[in-house]
Each structure stands twice: as C-alpha cells, then as structure tokens.
Amino acid sequence: MDTTTSILFVGDVVGGLGKRTLLGLLPTLRERYGLRFVVVNGENIAGGLGITPKLADQLFAAGVDVITLGNHTYRQREIYTYLDAHAEILRPANFLRRQPGHGWCVVSRDGVRLGVVSLSGNLFMDAGRPVFAEADAALHALKGEVDHVLVDMHAEATSEKVGMGWYLDGRVTAVVGTHTHVPTADARVLPGGTAYITDVGMTGPRGGVIGVKREQAVEAMTTKMPVRFETSTEDPWLNGVVITTTAAPLRAASIEQVLEPAAPAR
Ligand SMILES: [Fe+2]
Ligand SMILES: [Fe+2]
C-alpha cells in the first residue's frame, strides 16, 4: 500500500494569541501543503500554562488530529480527567504511570495510520521515567498498528534531542523537538530515513521572551525578584514543520520548516 502522506507539526502554541495565529493560518497551510495530518503541541495554550478541556476541544474542532503536551501538562486541574478520557491528547509517555493521561495514540486518515508519541527529556526536566527506554516501549506497542510514527521529544537539552533523533533513525518517520520555543536550523532527513529537527519553535508572540512579556522577563532576570508573568501580545508567528513521507512505511521524504507571521486580522 502507498502510505505517502504529509504531516504538519506545530510548535508549542502560546496563549490565546498563539491559538488565533494557528487557527488563522491553518486553512492556508492545509491548501499549500496538501496536509493530511495536523499535530500540535498545546502545552502553553492556556495563557502560557497548560491546556483546558475547552481549548483542547477547540483545537480538535479546527481539525487538529493530535495534541501533544510537555512539562506544563498539569497546570490546569480541569484537564486531568480529559487526558484519561480522550485518546488523541498526549502527555509525555515517560511520566509516571499513575499520572493522568497516556503517551501515544494512533489516528487514521484515508487509510493511512499515524502513530504519535509524546516524550519528555530527562536532562533539566522532571519526567519520572527514562526517556530512551520509554521510546522503545512505545514503538513496541505500536508495532504493526501504524504506517508512520511521529515522535514529539519535549526536552531542554539539544544533546538529548539529537541523541533521540539518532536513536530512532530508521525506526520512526519523524522526531521533532519542542520546549525551547526557539526554532533550530538543523531540519533534515537522517540517513536511516527519519525526519529530524532539534526544536520546531513556538506558535505565539515573537515580541516577548519565549512567550512572556519581555519587560517582565527582563525584570525578573535583572532584579532576581519574583515577577508575575503574562503572555506577550506582540508579533505573533507560527513555527512548525511539514513532513512528507515516502510510499514505504516509517520513512520521511522531506522535512520543511514553516515560519510564518500571523495572518492579518479580518
Ligand atoms: Fe512550551
Ligand atoms: Fe515545555
């Protein structure tokens, strides 16, 4: 079977502005790239901290297939039961088993089955279990159930993300890094056929400091005193990648960065 497909993965959506930026651009991107799957990291969509059921429902209603999360997963209590009840929203698989939610799922479109896996790095992050062993466990669970697999490696350290890219090269369709909110310039298909980027970036206000109002972030850095952070409202951009796959399963043909200013408000 020909499993050629195209996947848009969108980096951490920050606040209402990030959500509006994504929803405003999605129809254009769908048309431009002939997208089949859309996967979005939504860990910062609720005012910068976590996600609520209402916001998750809005993303799904807009045609998002899978939502991935990260270290901010549990900032909004209302999401806990939602995480258990909805298959297509993922928290990192290598969190503790007793924490709400689950770490992978499979979605199908036009006969193509896409597995999505959410992982958290262990370096400078608070994930309860080792990430490399969990990646193996996820792939074992998905074996035979999927045509393609996309892994969101939510991590701080570039080394750990690059390491995961090589570890999974030839075993998954794509490994995309998230969490730093700053896109890296290393998108490529690795020799084994896995599309890779160290960080996709963020979808939200570029005028702040990784999403936060810049004067508040700079005040905290310069005074070393607590500052209440709000999300910036300046210069919204969408940061994502489009991955196209080969006809053969678990292989990417290309990965292209999508760095796009918000569509003008109508
Ligand atoms: Fe984030
Ligand atoms: Fe994060």
Side-chain angles (χ1 to χ4, degrees), residues 8-22 38-52 55-56 59 64 66-76 79-80 83 89-96 99-101 103 116-129 131 134-135 150-162 164-165 175-184 197-214 216-217 220 229-241 257-259 262:
L8 171 68
F9 180 88
V10 177
D12 305 27
V13 176
V14 178
L17 184 62
K19 183 190 75 179
R20 290 192 295 279
T21 302
L22 167 64
V38 178
V39 181
V40 172
N41 186 300
E43 73 146 6
N44 305 108
I45 197 168
L49 301 172
I51 188 166
T52 62
L55 289 165
L59 292 183
V64 170
V66 179
I67 300 169
T68 57
L69 298 167
N71 50 302
H72 291 299
T73 296
Y74 302 121
R75 297 300 285 257
Q76 311 290 332
I79 202 66
Y80 295 7
L83 291 176
I89 183 166
L90 307 176
R91 50 79 159 164
N94 58 315
F95 280 3
L96 297 177
Q99 288 177 282
V116 180
V117 180
S118 169
L119 296 174
S120 166
N122 292 119
L123 294 173
F124 317 117
M125 307 286 288
D126 199 24
R129 297 186 304 121
V131 66
E134 190 63 21
L150 177 142
V151 175
D152 175 355
M153 175 65 173
H154 195 79
E156 185 76 44
T158 50
S159 58
E160 201 177 22
K161 293 196 253 191
V162 173
M164 185 60 78
V175 176
V176 294
T178 56
H179 176 69
T180 71
H181 292 198
V182 178
T184 55
I197 186 168
T198 297
D199 208 292
V200 173
M202 126 191 123
T203 294
R206 206 175 58 164
V209 175
I210 64 169
V212 169
K213 280 186 177 168
R214 61 176 177 268
Q216 295 172 348
F229 287 160
E230 295 159 313
T231 53
S232 166
T233 54
E234 283 182 55
D235 194 19
W237 280 60
L238 180 145
N239 291 179
V241 287
Q257 273 180 304
V258 182
L259 305 173

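When a ligand or atom number is given, it counts from 1 through the structure's own listing order.
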(Q) When you compare the side chains of T178 and H154, does any donor N or O come within less than 3.5 Å of an acceptor on the partner? (A) yes
Q. Does the side chain of P236 come within less than 4.5 Å of P205's, by heavy atoms?
A. no
Q) With no hydrogens and no angle check, is any side-chain donor or acceptor of R91 less than 3.5 Å from a backbone partner on T68? A) no
Q.
Keeping E156 on the side-chain end and T180 on the backbone end, is there a donor-acceptor pair under 3.5 Å?
A. no
**Q.** Donor + acceptor pair across side chains of D126, N71 (<3.5 Å)
**A.** no
Q: With rounding to the nearest 0.5 Å, note down the distance linking CG in L49 to CD1 in I45.
A: 12.5 Å
Q) Tell me, which protein N/O/S atoms are under 2.8 Å away from the Fe ion (ligand 2)? A) E43 OE2, N71 OD1, H154 NE2, H179 ND1
